[in-house]
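What you are looking at is a predicted structure, and each value in this text was computed from that prediction instead of being measured.
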Amino acid sequence: HGYEDFKADFLKEVYYLDTHFKNIDPNFPFVKTDNIQKIASKVTLLAQETLSDTLALLEHDNLQKALRIMQKANQIHLAAISYSLLLGQIFKLDMLRIGKNVNICNTNGEELFLPAVIKNNDCIIIISYSGEIHNLCSYIYEFSASCIIDYFFIQYIKKGSKRIIN
């Protein structure tokens with residue numbers, strides 16, 4: 001993965017941001033000279049555009065698959081860092097309301113111990129801002145049989161199989 005890959009990925013990201021966030025720059029939603037009302041308005045607009053963008057990325061079949069996996073799971077484990085971890089805690093509270101417990105890896109690096117505790121019919125959810133979870137998925141695969149649900153992505157990792165099924 002050299003400069004050419006970086007350049008291609010960078011240009012794709014610039015194009016994506018230019019075409020999906022039309023009314024606000026997600027990296028700089030407001031400026032120093034904006035008053036408090038203008039900042040509140042821009043942050044609200046950014047949240048609305050982010051939600052619309054997320055909705056556009058969701059696929060019905062993947063959502064159904066993820067739902068079935070979580071319904072059948074004996075235990076749901078969740079790994080995330082930083083802000084994504086806060087989203088995971090909200091998810092845990094929502095799941096508790098419907099009688100499903102979620103084990104959250106709260107400490108950075110704790111997800112590396114998941115292979116020691118997960119069992120068949122457990123589910124692992126990884127919330128990743130960057131989507132760069134392949135190494136973690138491969139590591140978990142080496143030591144266990146499980147299912148991993150990423151933010152927009154589902155991977156089945158089967159014990160004894162040398163492949164990850166997307």
Exercise for the section: Hey, could you give me the CG/CG distance between Asn74 and Asp122, rounded to the nearest 0.5 Å? Expected result: 6.0 Å
Fill in the blank from the handout: Tracing side-chain contacts under 4.5 Å among Ile, Leu, Val, Met, Phe, Trp and Tyr outward from Val31 reaches none
Exercise for the section: Identify, with sequence neighbours excluded, every residue that meets side chain to side chain contact (heavy atoms under 4.5 Å, CB included) alongside Lys7. Expected result: Tyr3, Glu4, Leu11
Problem - Residues which pass side-chain hydrogen bond (donor to acceptor under 3.5 Å, both in side chains) with Asn103, listed by chain and number, not counting sequence neighbours - result: His77
Exercise for the section: Can you run down the salt bridge (Lys or Arg N to Asp or Glu O under 4.0 Å) pairs that involve residues 38-48, sequence neighbours left out, and say none if there aren't any? Expected result: Asp34-Lys42
Handout entry: Single-linkage hydrophobic cluster Ile98~Ile125, side-chain heavy atoms < 4.5 angstrom
Key = yes
Give every donor-acceptor pair under 3.5 Å between a side-chain atom in residues 85-95 and any protein atom, sequence neighbours left out.
{"residue": "Lys92", "atom": "NZ", "partner": "Val102", "partner atom": "O", "Å": "3.2"}
{"residue": "Asp94", "atom": "OD1", "partner": "Arg97", "partner atom": "NH1", "Å": "2.9"}

Fill in the blank from the handout: Rounding to 0.5 Å, atoms CG (Leu46) and CG (Leu51) come to a distance of 9.5 Å
Completion exercise
For Val43, the other hydrophobic cluster members (4.5 Å side-chain criterion, sorted by chain and number) are Phe30, Ile39
Problem - Shortest non-hydrogen separation from Lys100 to Ala73 and the atoms involved - result: NZ-O, 2.5 Å
Practice task
Kindly write out the residues that satisfy side chain to side chain contact (heavy atoms under 4.5 Å, CB included) with Gln37, not counting sequence neighbours, or none if the list is empty.
Solution key: Asn35
Practice task
Answer yes or no: is there a side-chain heavy-atom contact under 4.5 Å between Gln48 and Thr44?
Solution key: yes
